[in-house]
Trainee: 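Take this structure, written in structure tokens, and hold onto it; I'll ask about it next.
Chain naming here is simple, since letters A, B, ... match the order of the sequence lines and numbering starts at 1 in each.
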Amino acid sequence: MSAWPRAAELGLIGCHVCGQVCSMTDADDGALACPRCGSTLHRRKPAAYARCWALLIAAFLMYIPANILPIMRTASLGDIDDNTILSGVVELWVKGSPGLAVIVFCASIVVPMLKFLALGTLLISSRRGSNWARRQRTQLYRLVELIGYWSMLDVFVVALLTALVRFGYFSLVEPLPGVVFFGLTVVLTMFASMCFDPRLIWDGKEDSDD
Amino acid sequence: MDLSPPDATTDATAAQALLICEHCDTVHRRCPLAKGEVAECARCGAVLERCRGLGANTLLALILTALLVFAQATLWPIVTLGLNGQHVDATLWDVIHTMWTDHSQVVAVLAALTLFVFPLCKIFMLGWLLLYARSGRRAPGFRLLMVTLHRLGPWTMSEVFVLGALVSIVKAHLYFDVQPDPGIYAYAALMLLITIFAGVDLTRLWDETREEAP
Ligand SMILES: [Zn+2]
Ligand SMILES: [Zn+2]
């Protein structure tokens, strides 16, 4: 047994919701409820690989139209202009403030891409039981959890501008389908990272890093 | 290894002496924490538990402030736009309503849930729990509320909306006169309160409160 015992080795199980430590006895996985908060206890989240992959692929399928389709139409005095996520960033960079453009670029493009790459890497490496950079991979997972929802930024920007800019024929902002796809991408990637179980990173081959 | 698996139902105190890291499943002995201290997992670096520097009374006061600020943020207009003497302003409800009527119902529902329903639920539930936790008691419905609060987790996005408002102001400023309205300041204050609450480890309420004898 290694220096730091793991719950599964000791026949223990920790409640995700309230932190209660329970003994596993011989009950089947999934049939046990936390004595303190009543949540179902799982040694590992059920079907983590299948669910996470499914949600991640669905999110990626939504992400393609989210980037190709325009997210917002601005019309002023008959002059119609359709904006995609990327062209919105460029416009902000050229005309507005480059600092804010960088923030929007990170939230709308870097963060979703990072989530796809990070979750994909975590899924593949955990499935192989790899013991490569386990601590860093767990940190990567925490980063994904922490910054994931900031991608909603562009969706809120479109919503606010639509509500604000409505000067009859003179000026108008309309949401276009791209923004719906983008919103769905964010929600699906959030669900995907929730379905992944970081404990899987530490399963498999015995660690050699300590 | 002398760590014997405790039986949770009969030996509650032995189970209380252990912590299991939710990110790597490592079992730790629990050490008492001083105010403001954080226990981290030795294997993966996850936060195991935090001892908040704030008492239940302070937290309750902060929650009441948050409720007040939240009401202002929701009811007051956020930004006013001007063009040729015309003025248009928007509150959060205008935002949700326009998205609903403008064929983006998915976005309207997302905004309504993450900016209004969930944050409001969080504030009320926390307030209710803390009201009783002041005297070490468990509020009626404690179990259900604690589980719901845990599930709500990342689904409140007021802080993202503040940044979104900032970006919108800069974008609209290219074409219109823009005036920030009181709503945006209320949102900024709310963001500050959210940051404070992000550092509070709520799971400790399970240990700090006792079930009332019937
Ligand atoms: Zn529990
Ligand atoms: Zn850990």
Trainee: Looking only at non-hydrogen atoms, find the nearest pair between V79(B) and L164(A) and report the distance.
Mentor: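 It is O-CD2, 3.4 Å.
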Trainee: Assess whether side chain to side chain contact (heavy atoms under 4.5 Å, CB included) is satisfied between H28(B) and W4(A), documenting all intermediate values.
Mentor: CA-CA 8 Å; H28(B) 296 265; W4(A) 295 315; 5.5 Å; no
Trainee: Tell me, side chain or backbone of A108(B) under 4.5 Å from chain A's heavy atoms, or both, or neither?
Mentor: neither
Trainee: Can you tell me which portion of E49(B) sits under 4.5 Å from chain A's heavy atoms? Options are side chain, backbone, both or neither.
Mentor: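 For E49(B), there is no contact with chain A at all, as no heavy atom is under 4.5 Å.
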Trainee: Below 4.5 Å, heavy atoms only, C-beta onward: do V147(B) and S39(A) meet side chain to side chain?
Mentor: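 Sidechains of S39(A) and V147(B): in contact.
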Trainee: Using a cut-off of under 4.5 Å for heavy-atom pairs, which of S151(A), G14(A), A159(A) has the most such pairs with chain B?
Mentor: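 Among the listed options, the one with the most contacts to chain B is A159(A).
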Trainee: Chain B heavy atoms under 4.5 Å from S97(A): which part of the residue, side chain, backbone, both or neither?
Mentor: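 It is both, since atoms from each part get that close.
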Trainee: Side chains of H23(B) and R142(A): any donor to acceptor distance under 3.5 Å?
Mentor: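 Looking only at side-chain atoms, H23(B) and R142(A) do form a donor-acceptor pair, the distance falling under 3.5 Å.
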Trainee: Taking the six-membered ring for Trp, are F161(B) and W150(A) ring centroids under 6.0 Å apart?
Mentor: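 Aromatic pair excluded; centres sit 6.0 Å or further apart.
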Trainee: So with a 6.0 Å cut-off around CH2 of W155(B), is the heavy-atom count from everything else above 12?
Mentor: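 Yes, because the 6.0 Å sphere around CH2 of W155(B) holds more than 12 heavy atoms from other groups.
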Trainee: Could you give me the CA-CA distance, side-chain angles and deciding distance for R151(B) and V17(A), then say whether side chain to side chain contact (heavy atoms under 4.5 Å, CB included) is met?
Mentor: CA-CA 8 Å; R151(B) 300 251 184 271; V17(A) 177; 3.9 Å; yes
Trainee: Using non-hydrogen atoms and a 4.5 Å limit, figure out which bit of L92(A) sits close to chain B: side chain, backbone, both or neither.
Mentor: side chain
Trainee: Less than 4.5 Å to any heavy atom of chain A: does that hold for the side chain of L174(B), its backbone, both, or neither?
Mentor: side chain
Trainee: Where do M194(A) and P154(B) come nearest, in terms of heavy atoms and distance?
Mentor: CE-CG, 3.4 Å
Trainee: Is L115(B) close to chain A through its backbone or its side chain, or both, or neither, when contacts mean heavy atoms under 4.5 Å?
Mentor: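 When you check distances to chain A, only side chain atoms of L115(B) fall under 4.5 Å.
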Trainee: Mind listing the closest non-hydrogen atom pair of I20(B) and I13(A) along with its distance?
Mentor: CD1-C, 3.7 Å
Trainee: I'd like to know if the side chain of R6(A) reaches the main chain of V27(B), judged simply by a donor and an acceptor atom lying under 3.5 Å from each other, with no hydrogens or angles considered.
Mentor: no
Trainee: Count the heavy-atom pairs under 4.5 Å between each of C37(A), G148(A), A8(A) and chain B, then report the option with the highest count.
Mentor: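 Option with the top pair count is C37(A).
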Trainee: Could you look at V106(B) and say if it's the side chain, the backbone, both or neither that has a heavy atom under 4.5 Å from chain A?
Mentor: side chain
Trainee: Under a 4.5 Å heavy-atom cut-off, does chain A meet the side chain of T156(B), its backbone, both or neither?
Mentor: backbone
Trainee: Heavy-atom distances under 4.5 Å only: say whether L110(B) touches chain A with side chain, backbone, both or neither.
Mentor: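 Contact with chain A involves the side chain of L110(B) alone.
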Trainee: How long is the gap from CG on L83(B) to CZ on R166(A), to the nearest 0.5 Å?
Mentor: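 Reported value, rounded in 0.5 Å steps: 13.5 Å.
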Trainee: Heavy-atom distances under 4.5 Å only: say whether T91(B) touches chain A with side chain, backbone, both or neither.
Mentor: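 Neither part; nothing is under 4.5 Å.
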Trainee: For a quick test of reading the model, state the closest non-hydrogen atom pair linking K171(B) to M72(A) and the distance between them.
Mentor: NZ-CE, 4.4 Å
Trainee: Let's go through V21(A) and L19(B) carefully: what are the C-alpha distance in whole Å and the side-chain angles of both, what is the deciding distance for side chain to side chain contact (heavy atoms under 4.5 Å, CB included) to 0.1 Å, and is it a yes or a no?
Mentor: CA-CA 7 Å; V21(A) 176; L19(B) 283 174; 5.9 Å; no
Trainee: Using non-hydrogen atoms only, which part of I103(A) is less than 4.5 Å away from chain B: side chain, backbone, both, or neither?
Mentor: side chain
Trainee: Side chain, backbone, both or neither: which part of F176(B) has a heavy atom under 4.5 Å from chain A?
Mentor: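 Just its side chain gets close to chain A.
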Trainee: For T98(B) versus A163(A), what's the shortest heavy-atom pair and its separation?
Mentor: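 So the two residues come closest at OG1-CB, 3.3 Å.
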Trainee: Would you say the side chain of D207(B) lies within less than 4.5 Å of the side chain of R36(A), judging by non-hydrogen atoms?
Mentor: yes
Trainee: Determine the option with the most heavy-atom pairs under 4.5 angstrom with chain B, choosing from D197(A), I201(A), V187(A).
Mentor: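 With the most close heavy-atom pairs to chain B, the winner is V187(A).
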Trainee: Taking the side chain as every heavy atom from C-beta outward, state whether V162(B) and F156(A) have any atom pair closer than 4.5 Å.
Mentor: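 No. Closest side-chain heavy atoms not under 4.5 Å.
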Trainee: Using side chain to side chain donor-acceptor pair (under 3.5 Å) as the criterion, list what pairs up with T74(A), not counting sequence neighbours.
Mentor: none
Trainee: Pick one of side chain, backbone, both or neither for V104(A), based on which atoms fall under 4.5 Å of a heavy atom in chain B.
Mentor: side chain
Trainee: How many angstroms lie between CH2 in W206(B) and SG in C15(A), if you round to the nearest 0.5 Å?
Mentor: 7.5 Å
Trainee: Could you check whether D25(B) pairs with R43(A) (Lys NZ or Arg NE/NH1/NH2 to Asp/Glu carboxylate O, under 4.0 Å)?
Mentor: no
Trainee: Relative to chain B, which segment of Y141(A) carries a heavy atom at a distance below 4.5 Å: side chain, backbone, both, or neither?
Mentor: side chain
Trainee: Of the listed residues (Q136(A), M152(A), E145(A)), which shares the most heavy-atom pairs with chain B below a 4.5 Å separation?
Mentor: M152(A)
Trainee: Going by heavy atoms in the side chains, are M99(B) and P175(A) under 4.5 Å from each other?
Mentor: yes
Trainee: How many angstroms lie between CZ in R135(A) and SG in C41(B), if you round to the nearest 0.5 Å?
Mentor: 7.5 Å
Trainee: Taking all non-hydrogen atoms of both residues, which atom of L161(A) and which atom of S168(B) are closest, and how far apart?
Mentor: CD2-O, 3.8 Å
Trainee: Does any non-hydrogen side-chain atom of T203(B) lie less than 4.5 Å from one of C18(A)?
Mentor: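 When only atoms from C-beta onward are counted, T203(B) and C18(A) do not touch, as no gap falls below 4.5 Å.
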